[in-house]
Each structure stands twice: as C-alpha cells, then as structure tokens.
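Just so it is clear, the model here is predicted, and its values are computed rather than measured.
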Amino acid sequence: MSDGPRKTRRRGRAEAKAAPVQREVNYRQLKNPFPPMDVFSADQIANMHDTALRTLEELGVKTLLPEARALFKQGGAKVDGEMVFIGREMVVAALQTAPKSILCRAGARDRDVVLELGSLVFQPGAGAPHATDLERGRRPGSGRDFRELIQLTQHFDVFQMMPPLIEPQDIVTNLRHYFTMEAQLTLSDKLPFIFSRGTPQVEESFEMLRDFRGLSDAEFEAEPHSYTIINTNSPRTLDIPMAQGLIDFARAGQVSIVTPFTLMGAMAPITVAGAITLSHAEALAAITLTQLARPGAPVCYGTFTSNVDMKSGAPAFGTPSHFQASLAAGQLARFTELPWRSAAGSASNLNDVQAANENQMGLWGCLMAGATVVIHSAGWLEGGLSVSYEKLITDAEVLNMVAELCAGAQAGVDEIGFETALSEVDPSGHFFASTQTMARYDTEFYQPIVHDYANFGTWEERGAQDASTRATQVWKDILAADMRPGIDAEKTAGLQDYIRGRTEAGGAFPES
C-alpha cells in the first residue's frame, strides 16, 4: 500500500522537469586546482638556487647589448668586455621589486588576465615556421595561416592569451609586425603578443596597440596591454634583440615572459638538476635586467627544459625528464614568488597517439608544477617546427576538460539529491527519469567538441572517422562561421591608415 503513493510522488517530481541548472565554468580566468608536486627536497632546491647565484657571480653571463651591460654596471655588476658578473644582492633586490601579481588588460575587460602563482593560463603552440592540416598538407607558414590560427585561438575561451602561432613567411620582415598586430587586434580581443625584434618594431607595435585601444601614453605604460617572450641563448648568453626587448618592454610597462630554452645534454647539463640550475641562473639575470631598466616592471619567470634524444640529438618532449624539469622549475619559481611560464609540446611528426601522449605528459608536468602560463599546450608538432590545425582542436578538447576540473565539484543539498534522486528510485531502478537527472541532463556533463562517445555500430554508420578527421570538420566550421569580436570601424580605419603610411615609408627592419 505504501508503494503506491511513493511511486505517484516520484512520477510527479519527474514530470515536473525543473528548469535546467546551468553549469557555471569560467574558462577565461582559471585557478589551478591541483596541489603543487615537488621533485626535489627543499634543501636541494635551496642549493640549486644558491648555485645559480654563484654561477652569476663567478661565471657570469655573456651580454651582447652595450646598453644592457651599462645598466648592469650601473646596478653594481662587474663588467669585463661582454661578460657581466651579477652579485646576488642585485638579484635579491630585483626579486623584491618585480610584481608578484600582474593584471594584464585585454581588448575586453572579461578577457583580462591575472598572472600570479595559482592562476592558470593556456596558450597554443607558438613560433612555428610551418603550418599543417589534413586537407592542405604541411607548408611554410603564411599570412592566411596566421589569420586562421588567430581565429581558432579566439574561438576557444580556454586560450586566454594570443601567441604568434606561426611565422607568416610570405610577409616581408620589415612589414610583418604590422600584419601580425592588425590580425590580432581585428580578429581577437585577447591579450596580444609582440615580438622583440628591435626597438623600432617594438615601438611601432606599441603605438598601433595604444591608439587602437584609445589609450594615452601614460595609460598605456601604467598597465600591461601586451607581452613578449624572451629566450636566452643557453648557455649563459643574452643576445642583442632579447636584451633590448627586456629593456623596451620594461620601460613601457609591458610584460616580458623570460624563458631560457634548455635541452638536457645539448645546451644544458644532461641532468635535470644541472639543467634547471642553469635555466634558473639565466632567468634571474634577465629578470634583474628588467628591474634595472624600470623597478617594478612586470616580468614572469620562465623555463622550457626538456631533453634531447641521445641517439639522434633531436629534441624530445613529453618525456619523464621534461616532466621532472617542470616540477623543479615550479619549485624554484615558488622560491622567487613570481608568476611563471612552462610548456608542453610534442616531437611527433603528425597528430597521432605519440603526439597526444607527449603533449599530455608535458601538460600534466606543468599542471602539477603549478605553472601560471602553459605555452605550446595545443597544436605543436615536430618539436615546434609546425602547428597542426587538427592537433590544436584535439588538444583544446583536453584543455577544456582541465578547465572543467578547475571549477571543482559541488556537494550541496541539490548535488547530493536526497529528495530529487535518492528517494525517488527503488532498489535495482535507474536514475534516467529522476527529477535531478531531468533538471541537469543537458548541462551536468562536459560536452565534447571532437571526441565521439558513440558505440562501434553508430560510429561506423557515421563514416568511421578518427579524431583527426573529425577535428578537420571542427576547424573548418569555426573558420566558416567567421565570428569576430565587435571592433570599432573608425579604430580599424585608423590602424589601417597608420600601417599604410608606415609601409610607404619603408617599414621597420628587425635588429640583430
């Protein structure tokens, strides 16, 4: 007798179909939910830091830019020809003035990015000379590729910063910075990237960005509106354009992400500890230069350390050593308290199982290390020689899943569901029609963009396509939709007038 009323009550609740509960996941401002993992003890990390300081004091850094050497000397460093010997007190002072939290202003306020320990920012692969996709094949990067990859990056909220995915090699170098800045400003409202290829190109890029955003000089320099990547030349060399970039970006109040790129066994010691100690020393030297140029200048610590294949000498990524190096870099970054950058990536030649395995291994090394910015998190193949359209899509799927994890799981009354789920279903029953399921079935779980959860028969009926083939259709649909941020036509016209005038004047060549 008691079962009748209960069943009627259950049917009534299920038929009520409460309004769907929207899953609120912010892909734009993520926080890393994972506790940082250590690979070395605190004493070992302290010894690595001390050894890096000793390296700067006793071995020095070869600094090719005279202006940088002058700034180091003014700050108290010993300069002998091109060698600069940096005292540890200079490094300590620089770490004290470098900001621990950096608010970066994008084209829209809800696209702003905060760089600090605990934040999590993803970028796709950057700086590749080639682009590749299943329909057009592997090819030198072009202006068309650059614009298309900007649009794909803009589409996914999980990419919070705009990198230079490929080099548009059909655009001459004295005009290339106009092309890349125009593409970023008109196709995206995310934080733009500027190459450090000499003061003239940097200053013109700042001018285009400042005027397009409608900022005064003072407003532009008060907050970062752009960023650059600074790679040291390991071992212990700071070349002219990189040193100049550190100075130019610091004085303009824009962000430099300092990134020694070291490969264990090649331009760094073969051990994780030795390679990361060298990388740490080089990063500290570059950070110190930014603070000598302008105390308080926004700067990120960074590293990109993996190993070479000792049989061929080729770079390898997503290896156990790459993972361990990221963990060690995270420990040293937390030692400095600065926001920091690491990287994933793959050495595979196509978007296959090797590519997925390597990228995820590298990605999880960054996540477990607590990296603030993860570069090369999607699309990177051949150790950075190409960016794959399909791989960008399949990797974005994984990053979306990570973003879902960043939201955390809730366990309130509604989530536990005693009244709306547990009490409605008899033993051996099912929850498909429970009130809780009916209210959440369309929003509770992450919906994939390229993964296929159909059974074999259904998958076969749909054409038996693998993930890369499905990804091709995804990127083609995104480009066909051509969804762009709302851009002021007058600002666009002003930008194009500026570019036209500077082009007629001959542009600006890179400096070396």
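Here Asp110 pairs with Arg28 under the salt bridge (Lys or Arg N to Asp or Glu O under 4.0 Å) rule; sequence neighbours left out. Among residues two or more places apart in sequence or in another chain, the salt bridge (Lys or Arg N to Asp or Glu O under 4.0 Å) test is passed with Arg176 by Glu167.
A tilted orientation is assigned to the rings of Phe304 and His322, their planes being inclined by 30° to 60°. Using a 30° and 60° split on the angle between ring planes, Phe159 and Phe156 fall in the perpendicular class, above 60°. The aromatic rings of Tyr498 and Tyr178 stand perpendicular to each other, their planes meeting at an angle above 60°, with 30° marking the opposite boundary.
Taking the six-membered ring for Trp, Trp340 and Phe335 have ring centres at least 6.0 Å apart.
Partner of Arg502 under the salt bridge (Lys or Arg N to Asp or Glu O under 4.0 Å) criterion, chosen from Glu207, Glu204, Glu182: Glu204.
Once rounded to the nearest 0.5 Å, the distance linking CD1 of Ile257 with CD1 of Ile229 reads 4.0 Å. Atom CE in Met264 sits 9.5 Å away from atom CD1 in Ile270 (nearest 0.5 Å). Taken from OG1 in Thr394 to OH in Tyr389, the straight-line distance is 15.0 Å, to the nearest 0.5 Å. Considering NE2 of His280 and CD1 of Ile45, their distance stands at 8.5 Å, rounded to 0.5 Å.
No donor-acceptor distance shorter than 3.5 angstrom exists from the side chain of His49 to the backbone of Thr277, with no hydrogens or angles considered. Remark: the backbone N or O of Ile287 is paired with a side-chain donor or acceptor of Thr290 at under 3.5 angstrom. A donor-acceptor pair is defined here as one N or O able to donate and one able to accept, closer than 3.5 Å; such a pair exists between the side chain of Asp145 and the backbone of Ser142. Under a 3.5 Å cut-off, the side chain of Gln169 and the backbone N or O of Pro129 do form a donor-acceptor pair. Asn174 places a side-chain N or O within donor-acceptor distance of the main-chain N or O of Gly506, the cut-off being under 3.5 Å. No donor-acceptor pair closer than 3.5 Å links the side chain of His155 to the backbone N or O of Ile478. Listed for the Arg69 side chain is a donor-acceptor partner under 3.5 Å among the backbone atoms of Leu64. Judged purely by atom type and a 3.5 angstrom limit, Thr97 uses its side chain to pair as donor or acceptor with the backbone of Ala94. Distance alone, capped at 3.5 Å, places no donor-acceptor pair between the Tyr301 side chain and the Arg334 backbone.
Taking 4.0 Å as the cut-off between side-chain N and carboxylate O, Asp50 and Arg88 count as a salt-bridged pair.
Contact check for Ser346 versus Lys391: side-chain heavy atoms found under the 4.5 Å cut-off. Between Thr153 and Ile150, the closest side-chain pair of non-hydrogen atoms is not below 4.5 Å. The side-chain heavy atoms of Val121 and Leu30, taken from C-beta on, include no pair separated by under 4.5 Å.
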Inset, instruction - For Arg484 and Thr186, run side-chain hydrogen bond (donor to acceptor under 3.5 Å, both in side chains): C-alpha distance rounded to whole Å, both residues' side-chain angles, the deciding distance at 0.1 Å, then the answer. - result: CA-CA 8 Å; Arg484 306 185 186 192; Thr186 59; 5.6 Å; no
Legend entry - Chi angles and distances behind the side-chain hydrogen bond (donor to acceptor under 3.5 Å, both in side chains) call for Thr305, Thr303: CA-CA 6 Å; Thr305 297; Thr303 185; 3.1 Å; yes
Inset, instruction - Kindly indicate, with the supporting measurements, whether the criterion salt bridge (charged side-chain N to carboxylate O under 4.0 Å, His left out) is fulfilled by Glu203 and Arg251. - result: CA-CA 11 Å; Glu203 289 184 344; Arg251 287 177 174 164; over 6 Å; no
Inset, instruction - Please report the C-alpha distance between His177 and Phe195 in whole Å, then the side-chain angles of each, then the deciding distance to 0.1 Å, and finally whether the ring pair (Phe, Tyr, Trp, His ring centres under 6.0 Å) criterion is met. - result: CA-CA 8 Å; His177 60 298; Phe195 273 115; over 10 Å; no
Legend entry - Residue pair Thr228, Ser196: steps toward the side-chain hydrogen bond (donor to acceptor under 3.5 Å, both in side chains) verdict: CA-CA 7 Å; Thr228 193; Ser196 291; 3.0 Å; yes
Inset, instruction - Evaluate ring pair (Phe, Tyr, Trp, His ring centres under 6.0 Å) for Phe249 paired with Phe206, printing each intermediate quantity in order. - result: CA-CA 9 Å; Phe249 272 74; Phe206 287 163; 5.0 Å; yes
Legend entry - Chi angles and distances behind the side-chain hydrogen bond (donor to acceptor under 3.5 Å, both in side chains) call for Ser119, Thr372: CA-CA 5 Å; Ser119 293; Thr372 309; over 6 Å; no
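Contact between Pro124 and Leu392 at its shortest, heavy atoms only, is CB-CD1, 4.1 Å.
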